[in-house]
Amino acid sequence: MINNKKVVVIMPAYNAEKTLEKTYNEIYQNFVDEIILVDDFSSDKTKEIAKQLNITTIVHEKNLGYGGNQKSCYRAALKAGADIVIMLHPDYQYTPKLIPAIASMMAFDEYDAVIASRMLGNSALKGGMPLYKFVSNRFLTEFQNFVIGQKLSEYHTGFRGFTRKILETLPLEDCSDDFIFDNQMLALLFYNDYKIGEISCPTKYFKEASSINFARSCKYGLEVLRVSLEYRLAKLGLGIRLFNKEGRKLDLNKEMKYY
């Protein structure tokens, strides 16, 4: 615990057998109360390795997508009594060593959410981020900051933390089950006036690290533009469903298969 807040790390996993143990070994266990991995119908030995590491493991019986995986992760974390939930990809692209810092920013009630940004500093390209991803990240971030009216250094990192209150109140069931889930969640945070903090995070790109291909990246980019415009329309009172405060919350009664 940090400041008497229970810290749970969640890992949305898909074919992570080559990097899971390395990621797990760099988590400072003294700061984390529980680690939960959700295997999104992997075709490798992800769930077996997770079990060997004594990680609480949930297995999807079919692939639900990146956003669908996160929904399962957050349900499990809330059921486990988490006060602070930190999402860490098990592909070793982000350093787990920042977990205590991220958790502390929320444990002392300074922020409602924290993102680990690859764009603060000069670590993205040095860490091997492809140039087209770097350029598109910067363009999309500047577009979103302009349309949404914020000043984040990036909207597209997969290393982020949330307080229990956020996960209990945001209409996450109405969010996509695909990669755009991350972006929709940030838009919802801003729409509901939650405080988002940032921390600089080095990144590593290598063969085993998960990354969507160029075609999926293009689709994601178009969806980011759409989410930003929907946010602006909702702020103008034009009634976009995702930003309806009466939207669907996570269903904590939904059954999950523990491995």
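Residue numbers start at 1 and run along the sequence shown.
- Under a 3.5 Å cut-off, the side chain of N213 and the backbone N or O of A215 do form a donor-acceptor pair.
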Donor-acceptor pairs under 3.5 angstrom involving side-chain atoms of residues 249-259: please list them, not counting sequence neighbours.
unit_1 : atom_1 : unit_2 : atom_2 : d
K249   : NZ     : G247   : O      : 3.1
D251   : OD1    : N253   : N      : 3.0

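- Under 4.0 Å is where a charged nitrogen must lie from a carboxylate oxygen, and between K18 and D44 no such pair does.
- Between the side chains of N63 and Y14, no donor-acceptor pair is found at a separation under 3.5 Å.
- Put simply, the side chain of L64 does not reach to within 4.5 Å of the side chain of N69, judged on heavy atoms.
- Checked against the 6.0 Å centroid threshold, F243 and Y191 count as a close aromatic pair.
- Salt-bridge formation is detected for the pair D174/R241: a Lys NZ or Arg NE/NH1/NH2 atom is positioned less than 4.0 Å from an Asp or Glu carboxylate oxygen.
- With respect to R216 and E223, no salt bridge is recorded, no charged nitrogen being found less than 4.0 Å from a carboxylate O.
- Once rounded to the nearest 0.5 Å, the distance linking CD of Q70 with CG of L172 reads 9.0 Å.
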Working note: Y92 + E26, criterion side chain to side chain donor-acceptor pair (under 3.5 Å); need CA distance, chi angles, decisive distance, verdict. CA-CA 9 Å; Y92 201 59; E26 288 195 11; 2.4 Å; yes

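- A donor-acceptor pair under 3.5 Å is absent between the side-chain atoms of R118 and the main chain of S200, judged by distance alone.
- A side-chain donor-acceptor contact under 3.5 Å links D40 to the backbone of G65.
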As a quick check of understanding, evaluate ring-ring contact (aromatic ring centres under 6.0 Å, His included) for F214 and Y132, giving each step before the final call. CA-CA 9 Å; F214 181 76; Y132 83 89; 5.5 Å; yes

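- When atom types are taken as modelled, the side chain of T157 and the backbone of A116 share a donor-acceptor pair closer than 3.5 angstrom.
- Panel note: side chain Y66, backbone F181; no donor-acceptor pair is recorded below 3.5 Å.
- Looking at T141, its side chain never comes within 3.5 Å of a backbone N or O of R138 through a donor-acceptor pair.
- A salt bridge links D109 with K5; the closest basic N to acidic carboxylate O contact falls under 4.0 Å.
- Checking side-chain atoms of D91 against main-chain N and O of Q93 turns up a donor-acceptor pair under 3.5 Å.
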